[in-house]
Amino acid sequence: MTHDQQTSFLTYYVRSLAERTRVEKSGTKFGFDWVIYNIALAADWTPHRLPFLRGGSAEFSTTKTEPEYGIDLAFVSSDRQHLFVFVLKDEVLNNQNWGKHSFDVDLRKAAAPDLSAQDAEDVREVHVILAYNKDEDHAGLELFNRLTAGLGTKVGDRATLSFERWNLTTITEKVQGGLLTPSLLPQGFFSHFSYLCSQFGDFRHGSDEWTRQLMPNWRRFLGELLKDDADERCVRLLPVALIILREHGGTNPTAETGWIDLIEWSMLAAWRVHQTTSKDSVRVAIEQMWVQLYVAELHRYYQAQAANLSVESGLDQHSGGGYVDAVASATVSLWHAARLGMLALALFEIPPKKPDEEPERLRALHTVANWLVGLMNANPAAMRPLLDIHHIELFLVWRTLWQVGRARDISLWLMELQNRLFARRSGKANLPFLDGRNSLESVFEFVATRERPPEFCDRSSVFLMCMLELCFSLPPDDRDHLVNLIHRRLVLGKVDNGERMPGCEPIDLLLWVPPDDWSEHVVSKSLAEEGECIMVGLGDLTNAEADPDNLADLISRFVELSRTERPFHIPDGLPISVVVLACLKHSSPLLPEFWRLSIFGPLQSANPGYTSEMAS
Amino acid sequence: MSAAQDDDTHGAADPDCEAESVVFQSLIERLVASAHDEGPATVIAEDKCAEVVERALANKERLFDLLRAMFPEKPSPSSAFFDRLCVLQGFVGFSETANRVVGHVWSAALAVSEPQTCEAILNAFANLEGHTFWLLLGTLHVVLGELELRAAFAVDFLAGVSRRVAGDAGNGMFWRVVREFCVRYPSTALQALWIMYNALGDVPLELAAFILGTLRKLPLQATDRDEFDRISRCFADHAANQFRTIFNQSWAPTAWQCGVTSAELKNLFARHDAGTIDEKSDIISAVSRSLPGSAMSSDVSELGLRWLRDNVDASISSLAKFHVVELVARLADVSQSGDQKTLGDSSDLLFAILPVAIADLATWVAVERYLIKCCVYGNSALIRVFFQLAERDPSGLHEVIRKRGFDWLMNKLGQQDIADPVGRLVVSRDAKQRQLGLYLFDKLAIETIPPAVLDESGDLGVQLAFHEFQRGLMHGESSARFLISLIPRVGSMDTEFQGQFHSELLLCARNFFGCRSELEKRAADIPMVQKALKTLSGYLEAVRRAQTSSVGAMEVPGYRRAARLFLRRFSEGVAVDVKGRSFVMAMCKSVILLYGRSFGAHVGGQLGAPTPMSIVSHQTELPVMEFSDPEGMLLRRYQILERIAELTGDQPSDDAAEEL
């Protein structure tokens with residue numbers, strides 16, 4: 001994340017805060033008094049006057065009800081000679097607010113602090129600081145300067161008096177300079193979030209500890225932060241929390257990918273809020289976060305790592321575990337392939353702000369496609385799907401290439417993938433075929449013990465159906481050739497002379513049809529156990545091994561039939577990239593309409609498949 | 001005490017008798033102690049102990065004293081009966097005389113028993129486990145020589161023992177038992193043969209053949225001779241093949257024991273010419289087993305050999321092939337006096353039967369034995385025969401060396417200068433020869449393929465050798481040596497092939513650290529190798545960067561556990577494999593220790609000193625890419641097969657289909 005992006009998110013957050021933290025019926029309102037308090041503590045100042053009683057119930061401080069005499073917070077320096085008096089305002093400093101929101105009155109009161117208290121006996125300098133988490137205009141500045149010039153330079157006869165002004169920028173800078181710690185978060189999150197920070201620094205991304213300890217903690221944090229009807233402050237806090245976490249990555253070599261993982265879960269939690277909130281400001285905040293945090297961070301990361309991804313076998317895992325290493329390498333490679341696909345898909349969906357930005361956007365899409373091709377060329381493991389759910393990665397790779405018109409690359413990639421899967425289907429590559437039950441544990445067990453676990457399932461496949469349909473984005477000759485190869489070799493398990501490979505039973509092709517309330521749940525949970533699974537009989541049902549002549553035609557007709565009989569319209573409001581991310585994270589099967597719409601066009605289209613648009 | 005008093009009575013003045021008494025007394029004490037599970041009363045170290053005991057047992061009373069001492073209760077079909085006999089064997093030793101003594105006591109014990117008990121004891125012997133069986137088998141010929149069995153029981157008993165000893169090196173002792181049975185009781189043996197004839201499915205064929213062959217030339221009474229001729233004809237002319245097999249194979253024991261005449265041999269040849277395919281193999285097998293035979297005249301042996309040379313070919317049965325190879329090995333023994341011609345002729349016999357199926361391991365072991373015997377005639381003889389064999393049956397030889405190791409032979413070959421014949425195999429047009437050649441190149445750590453061999457083979461030979469190398473797996477160091485030896489030829493070949501060669505250099509150097517270091521050591525000054533090493537160095541640096549970056553750092557849930565599981569399984573697999581292949585390991589008891597840093601054992605009442613544990617390890621380098629890209633490597637091999645087929649103009653062989 002760049003410094004500017006970080007500043008931007010901190011600014012959003014600080015600006016969204018109220019003057020005081022207070023617990024209301026509708027929830028806790030986060031105030032920037034807590035931020036100022038922590039900035040002061042970071043500077044080694046001692047609290048002199050606080051507006052709250054620390055350590056109140058529910059880990060939030062209790063607001064004091066006593067008169068404050070214009071002073072929101074006050075601190076004494078470590079040598080006890082300086083007194084810092086804060087006047088807080090969550091308003092813009094301008095003429096209109098000067099009187100309306102008591103800037104004038106409060107500053108005057110604050111300029112006359114009581115120095116008779118025991119801990120102020122040694123004070124020689126009084127600094128009155130007007131802190132406001134908004135911007136200002138010229139009139140506001142003029143009013144401030146005139147007032148402070150007129151209030152004199154002495155308090156009583158022993159202390160000098162000076163005035164400062166901390167606006168949004170100043171507060172953000174101070175936060176960025178020394179407060180990227182859990183202390184920056186509202187008090188109620190401090191201990192939980194501190195624990196998360198230490199876990200983030202210690203646990204390797206993907207390890208058992210990560211999965212079993214950090215992830216549940218992170219989900220709990222997200223659940224508490226983004227409760228129903230979460231306001232903008234909560235949403236704005238999320239990127240700040242992520243920024244702080246990142247600061248705690250330390251020397252953990254997996255901090256970067258781990259951070260992306262946490263961002264992804266955060267984004268899904270935020271998009272759940274997006275689906276339910278009625279506040280535009282909240283929606284805008286989430287959309288900003290998607291683009292400026294997730295997409296931007298993916299882009300930054302892969303821009304930095306593209307060279308490493310294109311090193312031959314650079315993603316290979318080595319533990320001396322034989323073919324187990326190949327499974328781990330595939331998991332890592334597919335993880336990156338999926339993120340590059342996500343990046344490409346998300347970039348594609350972000351509309352250019354101005355028409356002249358379009359070429360730049362297209363260049364970016366080509367660049368991402370190049371990174372992905374580089375990754376796949378260099379890492380054979382990226383062409384080693386292990387689970388049926390890896391049809392999401394299949395879709396993402398296809399989509400990345402398709403949206404920049406790289407039909408030739410799609411053809412070569414699908415052919416290579418088919419060859420590699422054929423090698424596995426033959427049983428001679430020491431790796432099992434795709435597990436339909438999507439259990440990486442089963443795959444590992446299979447490879448490690450060379451014994452097929454009872455729950456391992458390679459008799460049914462959504463993946464292969466998806467692969468067959470993706471072939472329809474190719475020119476007819478390529479399509480027919482590839483469709484026949486996939487069906488004969490992978491689906492029927494035959495070699496090219498028509499003989500069945502030993503131990504290979506035909507695989508049942510499946511199509512997943514989502515449930516009606518799909519859009520309500522897709523972001524929040526796995527829908528693998530929902531919806532309908534259709535067995536696709538392409539050949540003669542009485543002879544499952546028959547190799548139909550007109551396969552492309554059969555598939556095409558099935559697509560049309562299933563779209564007509566099980567119509568589904570992608571709802572507005574959720575970007576496809578968000579849905580795909582949700583499916584990726586929750587292991588939900590992907591909506592076939594995502595690729596069908598692109599390949600076969602809208603349902604009424606009379607000319608499905610490869611189009612001249614594609615060729616261009 | 002009573003035995004000692006008896007001794008006094010039998011002859012106190014004769015020093016021999018006195019010694020005999022002492023020995024016999026010791027034996028009695030020993031047996032009494034053994035019967036009461038006590039330790040040995042007296043340890044006798046007497047070289048001539050067996051002879052003394054044999055003399056003593058000539059006295060019936062002493063024999064009965066001994067029987068009483070050994071079997072205080074009546075002999076019964078229990079393991080204790082045989083244990084006592086073993087104790088006696090331990091006392092008298094393991095000479096021929098000792099066997100006679102034990103056999104004599106055993107038969108005496110059976111003679112005093114009821115017939116049913118006697119047969120039950122013999123049946124119990126046939127079912128004995130382990131060492132005791134083999135120990136007493138050497139004495140059984142005495143028992144069956146002294147004790148006449150019922151014919152029906154003899155068939156069952158001998159068939160049972162025959163099954164026990166089948167395929168074991170100790171089965172010679174058994175055939176001695178059968179011969180003794182036939183010689184002493186030919187009438188019973190003939191009856192037994194008729195029983196076998198009528199129930200052939202339940203009797204081992206070789207037992208029937210042996211009895212028939214043994215009886216053939218025994219001096220039988222006229223009635224027995226008529227009976228023999230009758231049953232011999234029955235076997236010889238039977239419509240079913242297995243009866244004729246018995247007749248044909250029976251000539252081998254006849255030949256060993258008494259020899260055969262040229263007329264008899266010619267009769268067999270005639271049966272061969274008129275016989276079925278199976279019968280032809282039977283007769284080749286029988287003739288092979290009969291030769292050269294100490295009881296055979298040299299003329300008959302020459303006749304048999306000539307006939308075999310004319311009739312042996314690759315179509316004969318596996319068993320016949322085995323006997324031919326055995327004959328070839330025996331002939332090598334016979335001609336070790338320096339008759340080179342015989343050796344040459346006999347190796348022709350071996351080549352004639354090729355190929356030998358890989359499953360026929362016994363035949364291959366005989367081949368190895370023959371090759372080892374070839375060394376006696378000089379290394380050139382070994383090399384000539386081995387490489388002729390390699391040319392004629394490369395896949396069989398390759399497979400069997402790979403599975404069995406043939407360590408001695410490989411060690412012997414490894415000491416010779418065989419780069420030239422190995423090189424010729426490597427550049428052969430025949431895929432199997434190339435594979436064997438590359439295997440030998442690796443296994444015998446051949447330094448280089450001689451340039452003359454490469455020049456002679458032309459570009460095609462070099463390309464075929466190179467692609468065959470790509471298909472297989474070789475150790476890193478060998479890969480480097482092989483590729484280096486091709487470089488002088490590759491430089492003059494087309495650029496496409498040079499590109500392939502460069503890629504292969506890179507792949508091998510990536511795959512094996514051993515290859516990399518060997519290339520650096522041997523050929524760092526060759527431009528082609530320099531270029532590859534430079535590219536590789538850049539690549540390794542890039543990999544190091546990538547693998548220390550965050551892209552490959554993430555962990556995969558379940559990976560660590562699966563890797564541990566794999567390594568555990570792999571380790572167990574290696575242990576089982578080692579035990580299966582190692583004669584020594586198979587004999588050792590394997591104990592899994594649960595705690596501690598040293599090992600102690602309590603065996604036979606003795607507690608050994610603690611032995612500190614030590615780590616024994618053997619390292620081998622595995623090709624990285626096989627694990628990194630298993631599908632890719634499989635597809636690559638398939639593509640290489642297609643390339644080889646293009647070069648040779650053939651269709652891809654069955655290997656191609658087997659690859660996928």
Side-chain angles (χ1 to χ4, degrees), chain A residues 204-208 210-211 253-258 261 301 305 307-309 311-329 331-332 335-336 380-381 383-384 419-424 426 428-431 440-441 443-445 447-450 495 497 499 501, chain B residues 503 506-507 510-511 535-536 538-573 619 621-639 651-652 656-660:
Chain A
R204 290 175 75 99
H205 174 214
S207 64
D208 290 344
W210 179 279
T211 314
T254 66
E256 288 201 274
T257 52
D261 188 29
Y301 178 71
Q305 298 293 345
N308 286 329
L309 290 179
V311 173
E312 201 175 337
S313 304
L315 293 176
D316 278 5
Q317 305 291 300
H318 302 286
S319 72
Y323 296 103
V324 168
D325 291 349
V327 175
S329 306
T331 310
V332 173
W335 191 90
H336 287 293
M383 294 215 214
R384 191 177 299 138
N419 278 331
R420 287 173 170 276
L421 286 171
F422 180 40
R424 279 165 57 190
S426 73
K428 299 201 170 177
N430 295 299
L431 292 171
L440 192 57
E441 194 183 346
V443 177
F444 269 131
E445 187 183 332
V447 176
T449 63
R450 293 186 168 231
V495 287
N497 65 9
E499 282 179 23
M501 291 184 284
Chain B
S503 306
L506 269 178
L507 179 73
R510 260 181 72 188
N511 239 348
T535 310
L536 182 71
Y539 165 73
L540 292 175
E541 177 54 26
V543 168
R544 192 196 56 75
R545 263 200 316 272
Q547 297 202 329
T548 51
S549 76
S550 66
V551 290
M554 66 183 282
E555 288 201 11
V556 178
Y559 175 36
R560 278 186 277 180
R561 185 186 160 276
R564 279 199 302 274
L565 185 61
F566 170 83
L567 289 172
R568 213 159 46 225
R569 292 284 172 121
F570 184 74
S571 169
E572 282 166 12
Q619 289 186 344
E621 195 177 8
L622 298 172
V624 175
M625 292 306 292
E626 284 296 323
F627 298 103
S628 164
D629 184 14
E631 317 96 313
M633 296 309 280
L634 182 63
L635 291 169
R636 177 177 180 267
R637 283 196 286 275
Y638 184 70
Q639 286 157 1
Q651 289 295 313
E658 278 176 23
E659 292 284 350
L660 281 181

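As a basis for the values below, the full set of heavy atoms in this structure was taken, side chains included, without hydrogen atoms, waters or symmetry mates. Note on naming: letters A, B, ... go to the chains in the order of the sequence lines (proteins, then strands), and numbering restarts at 1 for each one.
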**Student:** Using 0.5 Å steps for rounding, measure from the CG atom of Leu565(B) to the CZ atom of Phe444(A).
**Tutor:** 11.0 Å
**Student:** Can you name the closest pair of heavy atoms from Ser550(B) and Gln305(A) and give their distance?
**Tutor:** OG-NE2, 3.7 Å
**Student:** Tell me, for Glu312(A) versus chain B, whether the close heavy atoms (under 4.5 Å) come from the side chain, the backbone, both or neither.
**Tutor:** both
**Student:** Mind listing the closest non-hydrogen atom pair of Val556(B) and Ala328(A) along with its distance?
**Tutor:** CG2-O, 3.7 Å
**Student:** Contact part of Arg544(B) toward chain A, heavy-atom cut-off under 4.5 Å: side chain, backbone, both or neither?
**Tutor:** neither
**Student:** In terms of heavy-atom proximity below 4.5 Å to chain B, should Trp210(A) be classed as side chain, backbone, both, or neither?
**Tutor:** neither
**Student:** Could you state the interatomic distance from CD (Glu626(B)) to CG (Asn430(A)), rounded to the nearest 0.5 Å?
**Tutor:** 8.5 Å
**Student:** How many angstroms lie between CG in Leu634(B) and CG in Asn419(A), if you round to the nearest 0.5 Å?
**Tutor:** 10.5 Å
**Student:** Please report the shortest heavy-atom distance between Phe566(B) and Val324(A), naming the atom on each side.
**Tutor:** CB-CG2, 3.9 Å
**Student:** Do Glu631(B) and Pro380(A) come close enough that some side-chain heavy atom pair is under 4.5 Å?
**Tutor:** no
**Student:** Answer yes or no: are there more than 12 heavy-atom neighbours, outside Tyr539(B) itself, under 6.0 Å from its atom OH?
**Tutor:** yes
**Student:** Taking side chain as C-beta onward, heavy atoms only, is Arg420(A) less than 4.5 Å from Asp629(B)?
**Tutor:** yes
**Student:** Tell me, side chain or backbone of Ser329(A) under 4.5 Å from chain B's heavy atoms, or both, or neither?
**Tutor:** neither
**Student:** Without swapping roles, check the side chain of Gln317(A) against the backbone of Gly552(B) for a donor-acceptor pair under 3.5 Å.
**Tutor:** yes
**Student:** Among Ala542(B), Pro557(B), Ala563(B), which residue forms the greatest number of heavy-atom pairs with chain A at distances under 4.5 Å?
**Tutor:** Pro557(B)
**Student:** Name the region of Arg545(B), side chain, backbone, both or neither, that has any atom closer than 4.5 Å to a heavy atom of chain A.
**Tutor:** both
**Student:** Ala381(A), Ala326(A), Gly322(A), Pro253(A): which one forms the most heavy-atom pairs within less than 4.5 Å of chain B?
**Tutor:** Gly322(A)
**Student:** Arg561(B) versus chain A, heavy atoms under 4.5 Å apart: side chain, backbone, both or neither?
**Tutor:** neither
**Student:** Is there a side-chain contact between Ser313(A) and Val624(B) in this structure, where contact means two heavy atoms from C-beta onward sitting under 4.5 Å apart?
**Tutor:** no
**Student:** How long is the gap from CG on Asp316(A) to CE on Met625(B), to the nearest 0.5 Å?
**Tutor:** 7.0 Å
**Student:** Evaluate Ser549(B) against Glu256(A) for side-chain contact (heavy atoms from CB on, under 4.5 Å), listing each step before the verdict.
**Tutor:** CA-CA 10 Å; Ser549(B) 76; Glu256(A) 288 201 274; over 6 Å; no
**Student:** Run the side-chain contact (heavy atoms from CB on, under 4.5 Å) check on Tyr301(A) and Val551(B) step by step: do they pass?
**Tutor:** CA-CA 10 Å; Tyr301(A) 178 71; Val551(B) 290; 3.6 Å; yes
**Student:** Which residues pass the side-chain contact (heavy atoms from CB on, under 4.5 Å) test with Asp325(A), sequence neighbours left out?
**Tutor:** Ser319(A), Tyr559(B)
**Student:** Heavy-atom distances under 4.5 Å only: say whether Arg384(A) touches chain B with side chain, backbone, both or neither.
**Tutor:** both
**Student:** So do Glu555(B) and Thr254(A) actually touch side chain to side chain, heavy atoms under 4.5 Å?
**Tutor:** no
**Student:** Walk me through whether His318(A) and Gln547(B) qualify under side-chain contact (heavy atoms from CB on, under 4.5 Å).
**Tutor:** CA-CA 10 Å; His318(A) 302 286; Gln547(B) 297 202 329; 3.7 Å; yes
**Student:** So with a 6.0 Å cut-off around CZ of Arg560(B), is the heavy-atom count from everything else above 12?
**Tutor:** yes
